[in-house]
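Chain naming here is simple, since letters A, B, ... match the order of the sequence lines and numbering starts at 1 in each. Computed from heavy atoms alone, side chains included, the values below leave out hydrogens, waters and symmetry copies.
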Amino acid sequence: MQAAVTELPEPQLRALADHYDAAVAEKRRRLALGGAILIAAIAAAAWMGEVDLVKLAENFWRFPSYFISIAPKLALATLWTDINEWFWGIKRWTGLLLDTILIAYVGTLLGALAGFALCFLASANLVRSRALVFVTRRFLEFCRTVPEIVFALLFVLAFGLGPLPGVLAIAIHTAGALGKLFAEVVENIDDKPLEGVVSSGGDWFEMVRFAVVPQVLSNFVSYALLRFEINVRGAAVMGFVGAGGIGQDLIEAVRKFYYSDVSAILLLIIVTVMAIDYFTEGVRRRLIGQERR
Amino acid sequence: MSTARRTLSFGDEAGIAARFPEHFRPNWINRAKLIGGLTLAAAIFVFGLIRLEIPFDRLFSGIGRLIEFLGLMLPPDPGSWQLAQVYLHAMGETLAIAFLGTLGGALLAFPVSFLAARNVLRIRPLQLLTRRLLDMVRGVDTLIWALIWVGVVGLGPFAGILAVMCSDFGNFGKLFSEAFEAADNKPIEGVKATGGSHVHSVRFGLLPQVVPILASQLLYFFESNTRSATIIGIVGAGGIGLQLTEQIRVLEWQKVSFLILMILITVASIDWISSKLRFAIIGRKAVA
């Protein structure tokens with residue numbers, strides 16, 4: 001197929017080409033400016049963070065060699081006994097892992113309930129009082145900005161060693177994180193059911209119960225499951241500050257150079273986290289699928 | 001007024017129920033599922049409380065002590081100007097850790113995410129392998145990475161940077177490859193239809209679509225890493241966490257509250273800046 005492409009007259013073409021060049025130049029200029037700012041920021045951060053590439057290059061061999069030294073010594077001939085020896089503490093560790101998961105679970109559930117109760121107060125479409133919305137939001141922000149380990153440190157002092165401070169720390173952090181996400185979900189709901197309940201004489205609680213909750217519940221559960229996944233990872237390090245779970249054994253093994261224990265515990269944590277990821281993802285898919293139907 | 005509305009709406013409840021029986025019939029299957037789910041959740045909760053041996057008696061005395069701590073925290077006070085400067089420097093370290101860690105993690109993850117995405121290199125076994133590798137890296141918490149890197153490069157913020165880099169490598173690898181897979185296929189086909197190679201289609205069809213998304217994820221992680229970088233000092237990897245744990249251990253409550261306040265202000269301002277930048281990059285709608 002031969003079609004003649006009509007060429008525009010020269011002056012018109014020139015104007016368009018100039019315009020294009022100007023646009024490209026403008027974009028390049030912006031990119032260069034952004035790049036310069038980025039490089040300056042990197043330099044400042046590198047100076048601040050005491051980045052020492054020489055030290056890294058000199059010591060980098062320690063990184064793989066650490067993994068080699070924590071790797072178990074397995075021989076094919078004595079594989080079974082070697083594995084047994086490697087996982088000598090399996091009974092204690094699985095118990096601690098179960099504790100870790102339960103710390104995450106109890107903390108997530110408590111936090112999700114608190115977040116559930118607070119999210120309606122933080123939603124501008126349900127609450128008229130702007131002051132109440134503002135105060136609730138700042139409170140949630142405080143709960144999620146202070147890292148859970150810091151809460152755990154404080155709670156260990158107040159409640160003593162053990163899983164209780166870990167559970168509470170996770171619960172508070174979860175309440176903050178989920179409260180925010182929940183409130184965002186609530187603010188995006190359809191208004192019509194709300195108007196329906198109010199126009200047939202419902203009060204505020206009935207409105208929330210019959211118009212809001214049915215719309216948001218599956219999303220809430222999905223977010224809570226995602227948070228549970230994150231909290232299992234968080235609970236695994238709670239033991240670093242004495243707040244229960246497997247972290248205590250891990251940090252001890254690392255500090256005392258019980259190399260094969262480090263790899264055994266790390267492996268157990270990784271497998272557990274992966275299994276929980278897999279499980280919660282399956283449940284979440286089903287939940288979201290249900291909603292689409 | 002609402003009583004009047006109520007009488008109006010429910011005056012003929014029996015009549016409405018008779019006319020629309022299908023809406024008033026209880027859905028037993030759904031109800032059973034709901035009750036079953038709730039019972040299961042409650043049962044695991046109770047089992048957790050029993051197995052963890054939660055001491056309820058200590059709960060109340062502990063709350064009392066917390067309130068006492070809170071009283072001692074006021075007003076927040078760094079002690080002296082010298083100490084305030086030390087804390088500011090530590091905060092700067094924290095920001096540096098978050099910034100370089102995020103950036104480094106993204107740079108490492110970018111090429112790897114090509115391998116992990118279904119639609120870029122299309123080498124199936126390599127893709128599965130990288131995915132499992134990324135999963136493993138993600139399964140290890142930042143604090144554990146920090147512990148390992150402290151052993152390699154010694155105490156200090158550099159170990160923190162490397163730790164954040166490692167854990168972000170796992171996160172970004174996954175997120176980037178998902179962004180690649182979610183990209184629209186039409187521009188890619190367009191490039192191919194005009195005779196471009198596969199490399200061309202990736203460069204001109206795929207990348208322009210995903211770069212803004214990647215940039216916004218980068219900023220989002222910078223935000224969240226500022227939070228996590230505040231604590232990796234607990235294992236000696238630099239930043240404000242070191243000061244914070246020390247002050248908590250020696251019960252200097254006014255300094256603790258000063259440090260927490262500093263963290264709150266810093267995180268809030270980083271949130272604010274980065275959300276502005278994110279909206280500028282991909283527009284207000286897409287972020288929500």
Visitor: Given the rule in the side chain to side chain contact (heavy atoms under 4.5 Å, CB included) test, do B/Arg138 and A/Met274 qualify, once you have shown the distances and angles that lead to the verdict?
Guide: CA-CA 9 Å; B/Arg138 264 182 314 125; A/Met274 275 178 165; over 6 Å; no
Visitor: Side chain, backbone, both or neither: which part of A/Leu109 has a heavy atom under 4.5 Å from chain B?
Guide: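 The answer is the side chain of A/Leu109.
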Visitor: Under a 4.5 Å cutoff for heavy-atom pairs, which residue among A/Val232, A/Ile270, A/Asp277 has the most contacts with chain B?
Guide: A/Ile270
Visitor: Relative to chain B, which segment of A/Val262 carries a heavy atom at a distance below 4.5 Å: side chain, backbone, both, or neither?
Guide: neither
Visitor: Check the pair B/Gln243, B/Leu259 against side chain to side chain contact (heavy atoms under 4.5 Å, CB included), reporting the backbone distance first and the verdict last.
Guide: CA-CA 8 Å; B/Gln243 310 286 346; B/Leu259 287 167; 4.1 Å; yes
Visitor: How many angstroms lie between atom CZ of B/Arg227 and atom OG1 of A/Thr145, to the nearest 0.5 angstrom?
Guide: 4.5 Å
Visitor: Given that the side chain runs from C-beta out, which part of A/Leu154 has a heavy atom under 4.5 Å from chain B: side chain, backbone, both or neither?
Guide: both
Visitor: Kindly give the heavy-atom pair with the smallest separation between A/Val237 and A/Ile149, and that separation in Å.
Guide: O-CD1, 3.8 Å
Visitor: Below 4.5 Å from any heavy atom of chain B, which atoms of A/Arg144 appear? Answer side chain, backbone, both or neither.
Guide: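 Both backbone and side chain.
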Visitor: Could you check A/Asp261, A/Ile265, A/Leu96 and say which one makes a side-chain contact (heavy atoms from CB on, under 4.5 Å) with A/Leu250?
Guide: A/Ile265
Visitor: So for B/Phe45, is it side chain, backbone, both, or neither that comes closer than 4.5 Å to the heavy atoms of chain A?
Guide: both
Visitor: Calculate, to the nearest 0.5 Å, the distance between atoms CG and CG belonging to B/Leu103 and A/Leu38 respectively.
Guide: 5.5 Å
Visitor: Is it the side chain or the backbone of A/Ala41 that comes within 4.5 Å of chain B heavy atoms, both, or neither?
Guide: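 Answer is both: backbone and side chain atoms of A/Ala41 are under 4.5 Å from chain B.
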Visitor: Please rank B/Leu251, B/Leu147, B/Thr230 by heavy-atom pairs under 4.5 Å with chain A and give me the top one.
Guide: B/Leu147
Visitor: Is it the case that atom OH in A/Tyr258 sees more than 12 heavy atoms from other parts of the structure closer than 6.0 Å?
Guide: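 Check fails, neighbour count at 12 or below.
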Visitor: If you tally heavy-atom pairs under 4.5 Å against chain A, which of B/Val140, B/Ile63, B/Leu66 wins?
Guide: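 So the answer, after comparing B/Val140, B/Ile63, B/Leu66, is B/Leu66.
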Visitor: Of the backbone (N, CA, C, O) and the side chain (C-beta and beyond), which part of B/Ile97 lies under 4.5 Å from a heavy atom of chain A, both, or neither?
Guide: neither
Visitor: Please rank A/Leu164, A/Ile101, A/Val273 by heavy-atom pairs under 4.5 Å with chain B and give me the top one.
Guide: A/Leu164
Visitor: Between A/Val241 and chain B, with a heavy-atom cut-off of 4.5 Å, which part of the residue counts as in contact: side chain, backbone, both or neither?
Guide: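 The side chain, not the backbone.
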Visitor: Between A/Gly162, A/Pro147, A/Pro165, A/Gly166, which has the largest tally of heavy atom pairs under 4.5 Å with chain B?
Guide: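 Heavy-atom pairs under 4.5 Å are most numerous for A/Pro147.
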Visitor: Non-hydrogen atoms of chain B under 4.5 Å away: do they reach the side chain of A/Phe159, the backbone, both or neither?
Guide: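 A/Phe159 touches chain B through backbone and side-chain heavy atoms alike.
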Visitor: Apply side chain to side chain donor-acceptor pair (under 3.5 Å) to the pair B/Asp141 and B/Ser167, showing each step before the final yes or no.
Guide: CA-CA 7 Å; B/Asp141 196 85; B/Ser167 71; over 6 Å; no
Visitor: Based on non-hydrogen pairs under 4.5 Å, which of B/Ser228, B/Gly241, B/Pro157 is most in contact with chain A?
Guide: B/Pro157
Visitor: Could you check whether any side-chain heavy atom of B/Val46 comes within less than 4.5 Å of a side-chain heavy atom of B/Ile50, counting everything from C-beta outward?
Guide: yes
Visitor: Could you tell me which portion of A/Ile269 (side chain, backbone, both or neither) has an atom closer than 4.5 angstrom to a non-hydrogen atom of chain B?
Guide: side chain
Visitor: Is it true that, when you exclude B/Leu38 itself, more than 12 heavy atoms of the residues, nucleotides or ligands shown sit nearer than 6.0 Å to its CG?
Guide: yes
Visitor: Are the side chain of A/Tyr105 and the backbone N or O of B/Ala41 linked by a donor-acceptor pair below 3.5 Å?
Guide: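 A pair under 3.5 Å: yes.
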Visitor: Which bit of B/Ala98 comes within less than 4.5 Å of chain A, counting heavy atoms only: side chain, backbone, both or neither?
Guide: neither
Visitor: Where on B/Arg249 is there a heavy atom nearer than 4.5 Å to chain A: the side chain, the backbone, both, or neither?
Guide: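 The side chain, not the backbone.
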Visitor: Would you mind checking which part of A/Val106 comes under 4.5 Å of any heavy atom in chain B, side chain (CB onward), backbone (N, CA, C, O), both or neither?
Guide: both
Visitor: Specify the closest pair of heavy atoms between B/Met262 and B/Tyr87, including all atoms of both residues, with the distance to one decimal.
Guide: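 Heavy-atom minimum between the residues: CE-O, 3.4 Å.
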Visitor: How many angstroms lie between OG1 in A/Thr100 and CZ in A/Arg233, if you round to the nearest 0.5 Å?
Guide: 14.0 Å
Visitor: Under a 4.5 Å heavy-atom cut-off, does chain B meet the side chain of A/Glu229, its backbone, both or neither?
Guide: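 It is neither, since no heavy atom gets under 4.5 Å.
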Visitor: Between A/Leu266 and chain B, with a heavy-atom cut-off of 4.5 Å, which part of the residue counts as in contact: side chain, backbone, both or neither?
Guide: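 It is the side chain, since no backbone atom gets that close.
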Visitor: Between B/Lys174 and B/Glu178, is there a side-chain N and carboxylate O pair less than 4.0 Å apart?
Guide: yes
Visitor: Checking heavy atoms, do the side chain of B/Ile161, its backbone, both or neither come under 4.5 Å from chain A?
Guide: side chain
Visitor: When only pairs under 4.5 Å are counted, which of A/Ala236, A/Gly160, A/Ser199, A/Ala46 shares the most heavy-atom pairs with chain B?
Guide: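 The option with the most such pairs is A/Ser199.
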Visitor: Which bit of B/Leu244 comes within less than 4.5 Å of chain A, counting heavy atoms only: side chain, backbone, both or neither?
Guide: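 Contact with chain A is through the side chain of B/Leu244 alone.
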